[in-house]
Amino acid sequence: MRTLAREITEQVGQTVTVRGWIHKKRLLGGLTFINIRDRSGLVQATFENKDEVEKLRGLQIGTVLAVTGEVFEEPRAPGGAELRNPTLIVEVPVTEPPAIEIDKPIDHRPDSLDTLFEHRVLNIRNLQEQKIFKIRASLTRYIREFLHENEFVEIDTPKLLPGATEGGAEVFKLDYFGKTATLAQSPQFYKQIMVGAFERVYEIGHSYRAEPSATTRHLTELTMLDIEMGFVESHDEVLDMVADMTQAVLKRAYEEHGADLRSLNAPELKLPEDGKVPRFTINEIHEMYTKATNNDTTNEKDLTPDEERWIAEHARKKLGSDLVYAVDFPAVAGKFYHKFKDDGTVAWGDLLYRGLEIATVPLRENNYEKMIEQMRSAGLDVDDDGFKHYLQAFKYGLPQHGGCGFGVDRLVQKTIGLNNVKEATLFPRDINRLTP
RNA sequence: GGGCUCGUGGUGUAGAGGCCUAACAUGCCUCCCUGUCACGGAGGAGAUCGCCGGUUCGAAUCCGGUCGGGCCCGCCA
């Protein structure tokens with residue numbers, strides 16, 4: 001029967017067996033301290049018997065042990081209890097010293113990131129590092145729970161596709177039994193198709209972008225939350241749903257992971273008191289930014305990264321919100337499946353979180369004839385096989401709908417305050433890295 | 001795709017023409033230490049300074065190339 005590290009305070013006076021990894025050895029002559037790490041945390045064992053300690057000679061951090069001994073209440077021990085004079089069994093000896101020091105905080109400076117990822121297998125055993133990915137796991141769990149409560153159905157769509165029909169980002173091509181296949185750059189078509197069945201759907205999955213972007217916010221394999229909801233009355237309804245979800249998820253993360261977030265030096269969470277995420281049109285932001293900085297951006301079709309940071313700072317300082325929407329992009333920025341408005345804009349909002357775009361939240365065109373028209377004017381061949389099944393969904397009845405593509409890696413990055421999106425990813429893939 | 005930067009023991013850094021037979025911290029090895037928790041103390045091993053070429057009496061240091069990182073822009077989540 002195995003006892004977990006966090007449970008031993010309730011087992012004082014009993015003999016228990018703890019199994020885990022050696023996390024730290026401290027030899028003080030007649031007394032030896034060993035910290036054992038398991039999934040629940042650390043527990044300390046003390047040894048006066050030199051023969052027991054001698055079993056560990058030549059064995060390194062990471063050695064897998066079973067330690068059996070009596071639990072004593074001990075205020076000097078971390079956690080208030082410890083195992084005294086236990087017997088230990090080496091289950092998996094480790095003789096090679098780890099290439100990096102796993103019991104110490106890992107340096108996340110940009111120049112060190114390559115080393116960090118090269119040694120990720122060991123680095124992820126660091127307790128501080130593990131917090132990032134436990135928070136990440138919670139964030140996606142909160143998202144799932146929120147969407148489940150709002151009657152969204154989770155779906156999984158193919159990542160292997162016959163061709164690049166969606167347009168926009170560069171795609172990866174690969175051999176598929178003699179044919180050329182591509183990796184999905186998003187679940188765009190499939191989630192829209194699924195609106196025709198379930199009304200409300202979402203997917204948390206990988207998307208692949210072959211963009212040669214070497215920045216702190218790009219991955220070639222990214223985790224996206226894709227949401228699509230049918231029977232919406234307006235673009236506002238979609239914007240509100242995504243804003244409500246994001247706020248609920250962040251509030252919960254700060255409630256349930258407050259201590260972890262503080263220890264990772266995460267920024268304090270600021271959300272609008274009335275629950276309404278501030279919105280500005282692209283033109284408003286261009287004008288405000290141009291006025292404030294004397295950099296004329298009024299002719300840009302999108303926000304520049306500096307504008308994103310500027311409006312985020314404005315929203316945080318003046319409006320008390322880490323979240324802000326940029327809405328009403330110029331029509332030229334839209335794609336063929338977007339809903340265009342009469343005023344020369346497209347019903348599309350970008351959700352910015354602490355200065356970074358984390359989601360695009362557009363309304364879709366749902367009218368079959370209009371779709372055909374918009375595809376033709378985008379220069380697409382509507383008879384292409386890649387569009388056949390997609391257009392079927394429209395032909396056979398698709399209600400007005402909208403949704404979002406939401407960067408999960410970026411959400412984690414910005415929640416914790418990491419400089420690089422790769423730090424929020426277990427095994428990041430970028431233009432230069434395909435391992436581990 | 002464009003621009004700017006950085007490569008020194010396992011890891012993180014210092015050194016910026018000769019003081020370098022390359023320094024410091026940490027990790028590793030040996031020994032001492034009964035309340036450590038970044039334990040402490042003594043000693044030891046470990047680097048042809050990314051690679052190739054050039055300048056120079058002399059190159060870790062200057063120049064060119066190359067390979068590998070990082071950051072920014074474009075584009076995007």
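In what follows, chains carry the letters A, B, and so on, assigned in the order in which the sequence lines appear, proteins first and then strands, with residues in each chain numbered from 1.
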The ring pair (Phe, Tyr, Trp, His ring centres under 6.0 Å) partners of A/Tyr390 (sequence neighbours excluded) come to A/Phe189, A/Phe394

When both distances are under 3.5 Å in a Watson-Crick or G-U wobble arrangement, the nucleotide paired with B/C4 is B/G70

Given side chains that start at C-beta, do those of A/Val412 and A/Thr223 come closer than 4.5 Å, heavy atoms only? no

Of the listed B/G70, B/G74, B/C76, the closest approach to the A/Asp302 side chain comes from B/C76

Remember a base hit wins even if backbone is also touched, and classify A/Phe33 as base, sugar-phosphate or nothing at under 4.0 Å, heavy atoms. base

Can you check whether A/Met229 reaches A/Tyr202 side chain to side chain, under 4.5 Å on heavy atoms?
no

Hey, does A/Arg309 reach any base, or is it just sugar-phosphate, or nothing, if we go heavy atoms under 4.0 Å? sugar-phosphate

Of the listed B/C76, B/C75, B/U36, the closest approach to the A/Glu211 side chain comes from B/C75

(message) It should be established whether A/Thr46 places a side-chain nitrogen or oxygen under 4.0 Å from OP1 or OP2 of nucleotide B/U36.
(response) no

A/Arg120 atom CZ is separated from B/G69 atom C1', nearest whole Å, by 17 Å

(request) Rounded to whole angstrom, note down the P distance from B/A60 over to B/G68. (result) 25 Å

Salt bridge A/Arg217-A/Glu357, side-chain N to carboxylate O under 4.0 Å
no

Paired with A/Lys159, the side chain to side chain contact (heavy atoms under 4.5 Å, CB included) test is passed by just one of A/Thr157, A/Asp156, A/Leu161, namely A/Thr157

query: Do A/His218 and A/Glu211 have side-chain atoms, one donor and one acceptor, less than 3.5 Å apart?
result: no

Sorted by chain and residue number, the ring pair (Phe, Tyr, Trp, His ring centres under 6.0 Å) partners of A/His338 (sequence neighbours excluded) come out as A/Trp348

Discussion item. Taking any heavy-atom pair under 4.0 Å as a contact, classify A/Gly29: base, sugar-phosphate, or nothing.
Written reply: base

Whole-Å distance, A/His108 NE2 to B/G12 P, equals 13 Å

Here the distance between atom P of B/C73 and atom CG of A/Asp306, to the nearest Å, is 8 Å

To the nearest angstrom, the CD-C1' distance between A/Gln185 and B/A77 comes to 12 Å

- Item | Donor on one side chain, acceptor on other, A/Thr281 and A/Asn283, under 3.5 Å | no

Taken to the nearest whole Å, CG/A/Asn126 to P/B/U11 is 17 Å

Per the under-4.0 Å heavy-atom filter, residues of residues 215-227 of chain A near RNA chain B come out as A/Thr215, A/Thr216, A/Arg217, A/His218, A/Leu219, A/Leu222, A/Met224

Here the residues of residues 416-431 of chain A within 4.0 Å heavy-atom distance, strictly under, of RNA chain B are A/Asn420

Quick note, salt bridge (charged side-chain N to carboxylate O under 4.0 Å, His left out) partners involving residues 126-138 of chain A, not counting sequence neighbours, are A/Arg120-A/Glu129, A/Arg136-A/Asp409

Under a 4.0 Å heavy-atom cutoff, the residues of residues 346-364 of chain A touching RNA chain B are A/Glu357, A/Ile358, A/Ala359, A/Thr360

Result for 5'-nearest mapping on RNA chain B, choosing between A/Gly405 and A/Asn432, is A/Asn432

Note: contacts of residues 321-329 of chain A with RNA chain B (heavy atom, under 4.0 Å) are none

So, A/Arg19 and A/Glu91, do they make that salt bridge, N to O below 4.0 Å? yes

Next on the checklist: So that I can tick it off, tell me whether A/Arg433 and A/Asp114 are bridged by a salt bridge, with the cut-off set at under 4.0 angstrom between side-chain N and carboxylate O.
Outcome noted: yes

Is a side-chain donor-acceptor pair under 3.5 Å present for A/Thr297 with A/Glu307?
yes

inquiry  = Assess whether a salt bridge exists between A/Glu203 and A/Lys191, defined as any Lys/Arg side-chain N lying under 4.0 Å from an Asp/Glu carboxylate O.
reply    = no

In whole angstroms, the gap separating C1' of B/G12 from CG of A/Asn123 amounts to 14 Å

Taken to the nearest whole Å, CD/A/Glu300 to C1'/B/C75 is 12 Å

Taken in chain and number order and not counting sequence neighbours, the residues that satisfy salt bridge (charged side-chain N to carboxylate O under 4.0 Å, His left out) with A/Asp236 are A/Arg279

Expected list for residues 71-88 of chain A near RNA chain B, using heavy atoms below 4.0 Å, is A/Glu74, A/Arg76, A/Ala77, A/Pro78, A/Glu82, A/Arg84

Residue pairs meeting salt bridge (charged side-chain N to carboxylate O under 4.0 Å, His left out), one or both in residues 39-50 of chain A, sequence neighbours left out, come to none

Using Watson-Crick geometry (N1-N3 plus N6-O4 or O6-N4) or G-U wobble (N1-O2, O6-N3), each under 3.5 Å, B/G12 is paired with B/C24

Per-nucleotide protein contact along nucleotides 24-31 of chain B, 5' to 3', at a 4.0 Å heavy-atom cut-off (B base, S sugar-phosphate only, - neither), is --BSSSSS

Taking the P atom in each of B/C75 and B/C39, what is the distance between them to the nearest angstrom? 49 Å

Mate of B/C62 across any strand shown (Watson-Crick or G-U wobble, both atom pairs under 3.5 Å) is B/G54

Exercise for the section: Before accepting this row, confirm whether a basic side-chain N of the pair A/Lys339/A/Glu365 lies closer than 4.0 Å to the acidic partner's carboxylate O. Expected result: yes

Can you tell if the side chain of A/Ser321 reaches within under 4.5 Å of the side chain of A/Lys270, non-hydrogen atoms only?
no

Partner of B/G43 under the Watson-Crick or G-U wobble criteria, both distances under 3.5 Å, comes out as B/C29

Taken to the nearest whole Å, CG/A/Leu116 to P/B/G12 is 10 Å

Quick note, salt bridge (charged side-chain N to carboxylate O under 4.0 Å, His left out) partners involving residues 56-81 of chain A, not counting sequence neighbours, are A/Glu54-A/Arg57, A/Glu74-A/Arg76, A/Glu74-A/Arg84

Original post:
Do A/Arg26 and A/Thr32 come close enough that some side-chain heavy atom pair is under 4.5 Å?
Top reply: no

Closest of B/C76, B/U34, B/G12 to the A/Arg209 side chain is B/C76

Do other residues, nucleotides or ligands put more than 12 heavy atoms under 6.0 Å from the NZ atom of A/Lys55?
-> yes

